[in-house]
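Sequence lines set the chain letters: A, B, ... in the order given, protein chains first and strands last, and positions in each chain run from 1. Scope of the values below: all heavy atoms of this structure, side chains included, with no hydrogens, waters or symmetry mates.
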Amino acid sequence: MNDLQVTDPTVQTRALKISARQVDVFYGDTHAIRKVDVDIADKTVTAFIGPSGCGKSTFLRCLNRMNDTIDTARVAGKIRLDGEDIYDPRVDPVQLRARVGIVFQKPNPFPKSIYDNVAYGPRIHGLARDKAALGGIVEKSLRRAALWDEVKDRLGAPGTSLSGGQQQRLCIARAVATSPEVLLMDEPCSALDPIATAQVEELIDELRRRYSVVIVTHSMQQAARVSQNTAVFHLGELVEFGETGQIFTNPNDPRTENYITGRIG
Amino acid sequence: MTDATAARPTPSLLAQDNRTRHRNRAEVRFRAFGMAAMGTGVLALAVLLASVVSNGLGAFRQTFITFPVVLSQERLDPDGHRDPAAMARVTTFGYAPLIGRAFADHVAALGIETGLGPRAMAAMLSEEAPGQLRTAVLANPQLVGETITLDVLASGRIDGYFKGRVTLESAERDRNVSPEQLRLAETLAQAGVLTTRFNQNFITAPDASGQRPEAAGLGVAILGSFYMMLVVLVLTLPIGVAASIYLEEFAPKNRFTDLIEVNISNLAAVPSIVFGILGLAIFINFAGLPQSAPIVGGLVLTLMTLPTIIIATRASLRAVPPSIRSAALGLGASRMQSVFHHVLPLAAPGILTGTIIGLAQALGETAPLLLVGMVAFVREYPAPLPAGLFDPASALPVQVYNWTQRSDPAFVERASGAIIVLLVVLIFMNALAVLLRRRFERRW
């Protein structure tokens with residue numbers, strides 16, 4: 001189960017990408033996240049696990065300010081990306097999101113062609129000089145998302161015509177196409193069958209070479225399989241954060257042990 | 001399981017128990033109510049359409065009398081210079097005897113014994129005929145001195161006789177027509193001089209006065225309605241869509257926007273005549289725009305249509321799944337990009353449908369137009385766009401209202417005919433709405 005950690009001993013020496021300190025999130029009067037400290041390393045997969053409603057998705061959405069779109073949400077504390085506070089008033093969330101991409105729980109391709117789905121990000125950010133360059137980005141992104149071989153003959157087909165697993169990989173390709181530095185994934189496999197899940201997990205391991213990946217998951221096996229670091233949430237609090245191997249084999253907090261062994265959640 | 005439930009005998013599935021029977025009866029009852037309600041609606045619609053069509057179809061056919069006329073020079077162009085200015089001095093009173101005599105001569109030449117005086121003979125022709133002939137002659141002065149074959153409208157009563165509206169009995173009591181005239185008309189019909197055929201003037205000609213129902217047409221009303229619809233479309237679509245997008249996607253949710261929202265819903269329910277009073281006060285009395293002009297009618301209808309379009313547009317924006325917005329925002333699109341690249345195209349079919357329904361509603365609206373002078377009697381066509389927006393014009397529903405007010409029963413037929421035209425335009429617009437929705441609807 002912990003082979004990955006064994007083969008990758010350099011995890012702790014990776015550069016720090018995102019550091020969150022004393023983060024509180026409120027939805028109106030609800031205190032959803034309490035004083036969370038998490039460090040996300042570069043070129044690593046960090047998993048957030050915990051029972052439903054524990055706030056892991058909420059916290060994930062703070063990392064690229066997607067919570068801004070919810071009127072009642074309020075975030076306190078410091079979240080730094082490469083040392084810069086992303087909640088600084090001078091920060092434009094649009095610019096931030098170009099660097100911190102997100103893949104949602106439910107596949108949500110645009111009702112446009114596969115090509116246009118992937119090309120949309122590069123287009124609005126002006127990443128391609130001409131049509132050929134754009135085509136190159138689209139192909140590279142679809143290859144990275146392990147979707148190229150399945151769709152290369154029908155790039156003009158609507159993205160919504162793909163199967164669920166393909167749609168999710170299309171969404172990943174779309175997120176990858178803007179060359180983000182961090183990729184946030186909110187339960188990316190919850191709507192997928194085991195085969196598609198395996199493909200996406202393989203993909204996540206592949207993406208780790210270039211990006212820092214943060215994944216929220218309900219499946220402890222998945223966290224164990226794909227991540228190097230794991231954060232355990234419970235009722236809006238960070239219970240434990242550390243190397244995945246240690247969390248699963250030798251947890252410090254009794255609540256982590258209870259959750260992993262299935263007694264809570 | 002307790003003993004009490006275990007002790008109960010297992011009921012047979014082959015027999016309905018009381019509860020199931022009760023539920024099934026309720027369902028059957030409900031279906032019967034539904035079918036009765038639908039049947040009532042369909043019946044009402046069928047009666048309405050049948051009555052309108054049976055009354056109105058006649059308006060599209062008209063009785064014409066054909067005979068040769070000598071356009072004598074001494075009458076129409078005494079100077080003989082063919083100078084239009086000089087010829088224009090001869091009014092329709094100069095043409096009327098010419099036509100009356102030509103008609104009497106033609107009847108005599110056919111060997112028909114009438115027993116009618118020249119006056120009574122001339123009364124069988126539409127009073128519109130001299131005017132039409134004069135217009136034709138002034139447009140082409142070379143006609144003077146020629147003998148032309150004239151195709152004039154029969155008077156409303158003669159026309160009514162062939163449509164079953166006037167009978168020999170009713171003619172006894174009618175000052176405007178005598179049984180002898182009707183008998184002559186019958187003879188002329190057999191001789192082929194008098195024919196009933198499709199009348200395109202009903203669509204293209206302007207309105208005519210109360211004494212000449214046979215000449216009244218919808219031309220000015222159709223043009224006026226068309227101009228107003230252009231004004232409404234050009235104003236409501238951008239204003240309505242912009243307001244809806246702002247309210248739905250950008251505006252903060254607070255007391256002020258709540259107030260605006262409530263007021264938009266209220267405005268949609270305000271009686272339309274109130275908008276007419278508003279238009280009269282603002283556009284005519286304050287801004288000084290001309291009365292009876294399509295621009296004012298269009299502005300008033302714009303005010304009336306805006307709430308409808310805003311409500312429809314907001315509903316279709318709200319129907320776009322939030323996941324699409326999240327997807328765009330997550331890729332680093334700005335809010336405006338997410339709206340214009342993704343949300344708006346998805347909402348477009350709904351917006352189009354809402355707009356066309358709003359336009360259709362505006363097209364059929366009468367009350368506010370009465371207050372801004374669209375009820376005026378207008379014989380002149382408005383000028384081409386854009387100047388025509390400021391010329392007096394009528395509107396289709398107002399023309400219907402106008403015609404139902406007139407005493408001559410021939411106008412009942414005209415009004416129903418106008419309703420048919422209005423309904424055809426509305427059906428066409430609604431079909432367009434359905435078509436556009438089918439064409440652009442995308443699934444997600």
Quick one: which of A:Leu184, A:Val103, A:Ile124 has the most heavy-atom pairs under 4.5 Å with chain B, could you say? A:Ile124
Quick check: do A:Phe104 and B:Ser326 have side-chain heavy atoms less than 4.5 Å from each other? yes
Would you say that more than 12 heavy atoms from the other residues, nucleotides or ligands in this model lie under 6.0 Å from the OH of A:Tyr27, or not? yes
Would you find more than 12 non-hydrogen atoms of other residues, nucleotides or ligands less than 6.0 Å from B:Leu45 atom CG? yes
Would you list the atom pairs, donor with acceptor, under 3.5 Å between side chains in residues 340-354 of chain B and any protein atom, with sequence neighbours excluded?
| from | atom 1 | to | atom 2 | distance (Å) |
| --- | --- | --- | --- | --- |
| B:His341 | ND1 | A:Tyr120 | OH | 2.6 |
| B:His342 | NE2 | A:Tyr120 | OH | 3.4 |
| B:Thr353 | OG1 | B:Pro349 | O | 2.7 |

Neighbour count above 12 (heavy atom, 6.0 Å) for A:His31 NE2: yes
Residues 89-96 of chain A side chain polar contacts: donor-acceptor under 3.5 Å, at least two apart:
| from | atom 1 | to | atom 2 | distance (Å) |
| --- | --- | --- | --- | --- |
| A:Arg90 | NE | A:Asp88 | OD1 | 3.1 |
| A:Arg90 | NH2 | A:Asp88 | OD2 | 3.3 |
| A:Asp92 | OD1 | A:Val94 | N | 3.0 |

For atom CZ of B:Phe30, decide whether the heavy atoms of other residues, nucleotides or ligands shown that lie under 6.0 angstrom number more than 12. no
What pair of heavy atoms forms the shortest contact from B:Ile324 to A:Phe110, and how long is it? O-CE2, 3.8 Å
If you count the non-hydrogen atoms of other residues, nucleotides and ligands that lie under 6.0 Å from CZ in A:Arg74, is the total more than 12? no
CZ (B:Phe428) with more than 12 external heavy atoms under 6.0 Å: no
Would you name the heavy atoms of A:Asn108 and B:Ala327 that are closest together and state the gap between them? ND2-CB, 3.3 Å
Which distance, rounded to the nearest 0.5 Å, do you find between the OG1 of A:Thr72 and the NZ of B:Lys253? 12.0 Å
Here the pair of heavy atoms bringing B:Leu331 nearest to A:His125 is O-NE2, 2.8 Å
Counterpart residues, salt bridge (charged side-chain N to carboxylate O under 4.0 Å, His left out), relative to A:Arg209 (two or more places apart): A:Glu206
With a strict 4.5 Å heavy-atom criterion, list every residue of residues 172-181 of chain A that contacts chain B, or say none. A:Arg174, A:Ala175, A:Thr178
